[in-house]
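Have a look at the structure below, then the notes.
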Amino acid sequence: MSSLSPALAAHLPTGMLADGQWTAASGGRTFEVVDPATGEVLFDVADASPEDGRRALASAADVASAWRGVAPRERSELLRAVYERIVARSGAFASLITAECGKPLAEARAEVTYGADFLRWYAEQAVRVEGLVRTAPAGANRQIVHRRPVGPALLITPWNFPIAMATRKIGPALAAGCPVVIKPAHQTPLTTMLVAEVIRSEAAERGLPPGIVNVVPTASSGDLVAPLLTDDRLRKLSFTGSTAVGRTLLQQAADQVLRTSMELGGNAPFVVFADADLDAALDGATVAKLRNAGQSCVAANRFLVHDSVAREFAQRLADRFAGLRVGRGDVDGVDVGPLIDAEAVEKVAELVDDATDRGAQVLTGGGRPDGPGTFFQPTVLAGVDTDARVVREEIFGPVAPVVAFADDDEAFALANDTEYGLAAYAYTTSLERALRVGAEIDAGMIGINRGMVSDASAPFGGMKQSGLGREGGEAGLEEYLETVYVAL
Ligand code: NAP
């Protein structure tokens with residue numbers, strides 16, 4: 001049985017949200033949300049139709065002008081109040097994340113802290129939108145440049161960080177003055193719906209427009225989203241998910257030249273140079289690989305290790321992984337939770353088989369533990385061929401392939417040999433080499449001697465096919481603002 005408290009379960013919204021009201025989807029259709037650790041059905045949730053999607057967009061469009069007119073200070077204070085309420089209920093949010101997504105409770109708590117921080121950060125940024133006044137260089141006129149909200153925004157989020165992926169978009173959108181329609185992933189809609197309920201009730205208490213936050217859970221995302229992208233009431237799409245789906249959405253968004261932000265897939269290299277502090281590199285590798293069982297866009301995907309330490313690094317990483325406990329996220333002492341579903345387990349198993357067929361050795365793990373749930377053992381592969389799928393594709397599972405390199409130039413070439421450019425990690429005790437990593441590796445975020453880079457106040461995003469735009473930091477707000485230049 002799920003460990004959700006009966007009090008939390010009794011008050012969870014399970015409908016769709018539009019015009020400030022939770023209602024059933026049209027036709028009363030629902031779909032099941034399942035606990036990946038047990039296969040247990042947690043809730044039946046409203047299955048919004050394309051018509052429901054249009055209703056939610058109408059709700060956002062109806063309040064766009066009113067919300068744009070609300071003082072930045074009031075928008076800021078709403079976000080700050082929602083931040084406080086989420087922090088006060090962080091235990092409930094964490095248990096919900098663990099129930100629908102599977103990650104261990106300690107990780108879920110850390111995600112609540114990280115996710116809430118976007119609301120605090122954008123509460124602070126809402127009152128700091130700047131413009132410009134200057135004399136044109138020719139002296140003929142003044143230039144006034146000001147910013148205004150882009151308008152109703154559709155926010156599409158993945159299942160792997162159910163609170164953080166939602167707040168990373170909702171925070172800047174509301175701060176900028178944009179009402180939103182959120183379409184959470186079908187695997188994990190509940191956490192996002194609880195966030196939306198906190199915003200809805202806080203906004204209602206403050207007398208703010210009811211339709212600023214709308215939610216459309218659905219089991220048919222393509223059917224619901226496609227017509228919204230050609231609806232001229234929609235002015236912005238912010239998507240986080242796979243590169244394949246991002247590409248499709250960009251094509252669909254092209255018709256009305258929609259403003260888009262794309263946070264897509266990754267294939268992060270984790271580079272260990274010969275001069276690295278190996279103990280620190282092993283600590284960083286464990287975090288960068290196993291957070292959320294490897295199901296993170298910034299997960300270390302390939303371990304590129306200098307020849308002189310590759311064997312020792314791989315063996316010591318395997319020893320660590322072998323000592324970890326795999327199991328249900330709500331059980332004390334569990335380090336690694338389940339993968340999101342059976343399909344994910346199947347894909348990870350295929351990647352491991354492909355690597356071993358090409359000569360890789362399994363130092364630990366390599367398979368599925370017995371019993372229910374969609375688990376995969378933490379796995380270390382040594383001597384991996386650089387053409388193996390596990391090196392070329394996003395793994396999204398607890399598998400660490402180790403590839404040896406001979407010198408810095410080869411390390412940089414291997415690191416950049418991918419269509420992705422999201423995150424990278426490097427361990428070295430040389431400042432000169434660290435600076436070179438920053439200059440040579442094509443990635444939007446680089447951790448030097450750190451296995452984690454995420455921070456609400458820093459720009460998160462990638463280059464190449466990892467996306468367009470940034471979330472977090474000052475840059476995250478820009479994604480929801482238009483620039484207007486007045487010549488005076
Ligand atoms: P996904 O399959 O691309 O799904 C992401 C979201 O898009 C979900 O809400 C999904 O809804 C929706 N979706 C799927 N097909 C759609 C369509 N045709 N039209 C409209 N919406 C559609 O990705 P995922 O498996 O959830 O997440 C894993 C991927 O996200 C990985 O590639 C990971 O790297 C990436 N990611 C990137 C970042 C980043 O910041 N760069 C952060 C986290 C994850 P349904 O699933 O309900 O259909």
Side-chain angles (χ1 to χ4, degrees), residues 31-34 36 45-48 50 53 100-101 111 114-115 118 154-169 181-192 215-230 234 237-253 260-268 291-301 339-341 343-344 347 393-397 418-423 443-445 453-454 456 458-472 475-476 479:
F31 67 93
E32 293 177 343
V33 177
V34 172
V45 165
D47 184 4
E100 63 178 350
C101 173
E111 190 196 330
Y114 171 55
F118 286 102
L154 175 61
L155 315 179
I156 303 180
T157 54
W159 47 264
N160 57 348
F161 290 88
I163 190 167
M165 296 302 95
T167 53
R168 203 164 78 172
K169 297 182 191 301
V181 176
I182 310 160
K183 196 221 72 66
H186 71 277
Q187 294 99 330
T188 60
L190 298 165
T191 308
T192 310
V215 188
V216 280
T218 179
S220 313
S221 48
D223 295 346
L224 181 138
V225 167
L228 298 186
L229 298 181
T230 52
L234 186 70
L237 166 66
S238 177
F239 170 75
T240 298
S242 62
T243 296
V245 173
R247 219 179 265 128
T248 302
L249 295 178
L250 279 171
Q251 284 161 357
Q252 293 174 348
T260 54
S261 303
M262 292 278 144
E263 295 287 346
L264 308 178
N267 181 355
R291 195 158 63 118
N292 199 20
Q295 302 168 110
S296 158
C297 54
V298 291
N301 210 60
L339 300 192
I340 192 69
D341 53 26
E343 205 183 316
K347 181 187 167 197
E393 298 178 23
E394 188 176 30
I395 304 169
F396 247 55
T418 167
E419 70 271 26
Y420 295 107
L422 191 59
M445 296 168 281
V453 291
S454 305
F460 190 109
M463 48 178 79
K464 294 159 81 177
Q465 294 190 34
S466 285
L468 300 168
R470 293 292 182 272
E471 291 191 319
E479 304 282 322

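Bear in mind that the values here come from a model prediction, so they are computed numbers and not experimental data. All ligand and atom numbering here is 1-based and tracks the order in the structure.
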Handout entry: Heavy-atom nearest option to atom 21 (N) of ligand 1, drawn from S221, G472, G462, G444
Key = S221
Handout entry: Min heavy-atom dist F460 to ligand 1 below 4.0 Å
Key = yes
Practice task
If you have a sec, work out which protein heavy atom is nearest atom 44 (C) of ligand 1 and how many Å separate them, to one decimal?
Solution key: N160 ND2, 3.4 Å
Handout entry: T240 and ligand 1 - part of the residue with a heavy-atom distance under 4.0 Å
Key = both
Problem - Distance filter under 4.0 Å to L249 heavy atoms, resulting ligand 1 atoms - result: 19 (N), 20 (C)
Problem - Atoms in ligand 1 with a heavy atom of T157 nearer than 4.0 Å - result: 6 (C), 8 (C), 9 (O)
Exercise for the section: With heavy atoms of P158 as the reference, note each atom of ligand 1 found under 4.0 Å away. Expected result: 26 (O), 27 (O), 43 (C), 44 (C)
Fill in the blank from the handout: M165 heavy atoms within 4.0 Å reach ligand 1 at atoms 42 (C), 43 (C)
Problem - Protein non-hydrogen atom below 4.0 angstrom of atom 3 (O) of ligand 1 present - result: yes
Problem - L264 to ligand 1, any heavy atom closer than 4.0 Å - result: yes
Completion exercise
If we number the atoms of ligand 1 from 1 as shown, the ones under 4.0 Å from a heavy atom of I156 are 6 (C), 7 (O), 9 (O), 12 (C)
Exercise for the section: May I ask you to decide if P36's main-chain N or O and D341's side chain share a donor-acceptor pair within less than 3.5 Å? Expected result: no
Handout entry: Check: T243 side chain, Q465 main-chain N or O, donor-acceptor pair, under 3.5 Å
Key = yes
Problem - Heavy-atom closest pair, residues Y114 and A456 - result: CE1-N, 4.1 Å
Exercise for the section: Return a yes/no value for K183: is any of its N or O atoms, backbone included, closer than 3.5 angstrom to an N or O of ligand 1? Expected result: yes
Exercise for the section: Answer yes or no: does an N/O atom from E394 fall short of 3.5 Å to an N/O atom of ligand 1? Expected result: yes
Problem - Atom indices of ligand 1, in the order listed, that fall short of 4.0 Å to a heavy atom of R168 - result: 39 (C), 40 (O)
Exercise for the section: Could you list which atoms of ligand 1 come closer than 4.0 Å to a heavy atom of F396? Expected result: 28 (C), 31 (C), 33 (C), 34 (O)
Exercise for the section: State whether the shortest distance between N or O atoms of S296 and N or O atoms of ligand 1 falls below 3.5 angstrom. Expected result: no
Handout entry: Side-chain donor or acceptor of N160 paired with backbone N/O of N292 under 3.5 Å
Key = no
Practice task
Examine distances only and state if a side-chain atom of S466 and a backbone atom of G265 form a donor-acceptor pair shorter than 3.5 Å.
Solution key: yes
Exercise for the section: Have a look at G461, A299, G222, A244 and point out the one with the heavy atom closest to atom 17 (C) of ligand 1. Expected result: G222
Fill in the blank from the handout: min-distance protein heavy atom vs atom 23 (O) of ligand 1 -> S242 N, 3.4 Å
Practice task
Keeping the roles fixed (side chain from N267, backbone from E419), state whether a donor-acceptor pair exists under 3.5 Å.
Solution key: no
Handout entry: Side-chain H-bond candidate by donor/acceptor type, E100 with T191, under 3.5 Å
Key = yes
Problem - Protein heavy atom at shortest distance from atom 39 (C) of ligand 1 - result: C297 SG, 3.2 Å
Exercise for the section: Check whether any side-chain N or O of E479 sits under 3.5 Å from a backbone N or O of E471 as a donor-acceptor pair, and report yes or no. Expected result: no
Completion exercise
dist L154:CG -> S238:OG (nearest 0.5 Å) comes out at 9.0 Å
Practice task
Measure from the side-chain N and O atoms of D47 to the backbone N and O of F31, and report whether any donor-acceptor pair falls under 3.5 Å.
Solution key: no
Problem - side-chain hydrogen bond (donor to acceptor under 3.5 Å, both in side chains) assessment of T240 paired with K169 - result: CA-CA 9 Å; T240 298; K169 297 182 191 301; 2.7 Å; yes
Fill in the blank from the handout: For V225, the atoms of ligand 1 under 4.0 Å from one of its heavy atoms are 20 (C)
